Amino acid sequence: MITETEAYIGPHDLASHAARGRTKRNEPLFGPPGTFYVYLVYGLHWMLNVVTGAVDYPAGVLLRSLEGIEGPGRITKTLGITGQLNAKAASKQTGVWFSEGIRPTRKRVVRSARIGVDYAGPVWSAKPYRFVLTE
DNA sequence: CATTTGATTCACT
DNA sequence: GTGAATCAAATGA
């Protein structure tokens with residue numbers, strides 16, 4: 001069960017790695033939806049993202065917490081995910097995929113500002129693009 | 001080619 | 001509350 005996510009939407013989103021155009025690092029974000037975007041931050045933590053936008057439109061979702069695992073860096077550490085999954089598709093072929101679960105009511109999803117994106121400026125760092133599943 | 005900087009976490013003070 | 005760990009890619013000279 002995924003319990004916390006953050007959205008990074010489009011080339012105009014200054015908090016997104018895609019804000020400064022297509023680069024070698026964010027290339028997977030421009031790929032087809034369902035593709036994983038995995039990258040290293042601070043030299044030690046892998047971040048797991050899923051591409052959600054159409055081809056050539058950079059949009060993705062960062063998985064911040066799963067049930068029982070809090071923190072994006074801990075998810076990858078616990079699941080053993082590294083850069084080898086980058087640009088791979090979410091499917092049984094690659095070993096990591098999503099299965100149908102329950103659909104929470106809207107009331108259980110709380111929106112808030114994204115974390116650790118102060119560099120994006122006051123406007124974009126304040127966008128309520130963080131989604132947390134509550135009890 | 002040198003420097004800067006993170007979609008963070010953990011250990012201390 | 002503050003700071004270190006640690007590295008690849010982006011940016012600048």
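The model shown is predicted, which means the values in this text are computed figures rather than measured ones. Below, read A as the first sequence line, B as the second, and so on, with proteins coming before strands; counting in each chain starts at 1.
Rounded to a whole Å, the CD atom of A:Glu27 is 11 Å from the P atom of C:dA10. A:Met47 has its CE atom 19 Å from the P atom of B:dT5, to the nearest Å. Whole-Å rounding puts the A:His45 NE2 to B:dT5 C1' distance at 15 Å. Regarding A:Leu40, its CG atom lies at a distance of 13 Å from the C1' atom of B:dT9, rounded to whole Å. Rounded to an integer number of Å, the gap from CH2 of A:Trp46 to P of B:dG6 is 18 Å. Following rounding to the nearest Å, A:Arg25 (CZ) and C:dT11 (C1') show an atom-to-atom distance of 12 Å. For A:Leu63 and B:dA7, the CG to P distance is 16 Å, given to the nearest whole Å. Whole-Å rounding puts the A:Glu70 CD to B:dA7 C1' distance at 17 Å.
Annotation for A:Asn26 and A:Ala18: closest pair ND2-CA, 3.6 Å, computed over non-hydrogen atoms. Listed here is the closest heavy atom pair of A:Leu66 and A:Ile75: CG-CD1, 3.9 Å. The two residues A:Glu6 and A:Ile115 make their nearest non-hydrogen contact at OE2-N, 2.9 Å.
By the 4.5 Å heavy-atom criterion applied to side chains, A:Val51 and A:Phe30 are not counted as neighbours. Side chains of A:Asn49 and A:Leu63 form no contact here, defined as non-hydrogen atoms less than 4.5 Å apart. No side-chain heavy atom of A:Thr76 sits less than 4.5 Å from a side-chain heavy atom of A:Thr82.
Nucleotides C:dG1 and B:dA7 place their C1' atoms 23 Å apart, quoted to the nearest Å. Across C:dA4 and B:dT4, the matching P atoms stand 16 Å from one another, rounded to whole Å. Rounded to a whole angstrom, the distance from the C1' atom of B:dC10 to that of C:dA8 is 22 Å.
Shown here, C:dA10 is classed anti by the O4'-C1'-N9-C4 or O4'-C1'-N1-C2 angle, which is more than 90° from 0.
Not one side-chain nitrogen or oxygen of A:Arg130 sits closer than 4.0 Å to the OP1 or OP2 atom of B:dA7. Considering only side-chain N and O atoms, A:Tyr42 lies nowhere under 4.0 angstrom from the phosphate OP1 or OP2 of B:dA7.
Base pairing in DNA chain C yields stems of at least 3 consecutive Watson-Crick or G-U pairs, both distances under 3.5 Å, namely B:1-6 with C:7-12, B:8-12 with C:1-5.
The stretch residues 4-24 of chain A touches DNA chain B through A:Tyr8, A:Ala15, A:Ser16, A:His17, each having a heavy atom under 4.0 angstrom from the strand.
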Assess whether side-chain contact (heavy atoms from CB on, under 4.5 Å) is satisfied between A:Arg130 and A:Arg111, documenting all intermediate values. CA-CA 5 Å; A:Arg130 174 168 171 248; A:Arg111 301 179 61 154; over 6 Å; no

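Residue A:Arg74 is in sugar-phosphate contact alone, with no base atom involved, counting any heavy-atom pair closer than 4.0 Å across all strands shown. Among the protein residues, A:Tyr129 comes within range of no part of the nucleic acid, since none of its heavy atoms lies under 4.0 Å from any strand.
Within a 6.0 Å radius of CD in A:Glu70, no more than 12 heavy atoms belonging to other residues, nucleotides or ligands are found. Within 6.0 Å of the CZ atom in A:Arg20, the count of heavy atoms belonging to other residues, nucleotides or ligands does not exceed 12.
Below the 3.5 angstrom threshold, one finds a donor paired with an acceptor across the side chain of A:Tyr39 and the base of B:dA7.
Relative to the ring axis of A:Tyr8, A:Arg114 places its NZ or CZ within 45° and under 6.0 Å from the centre.
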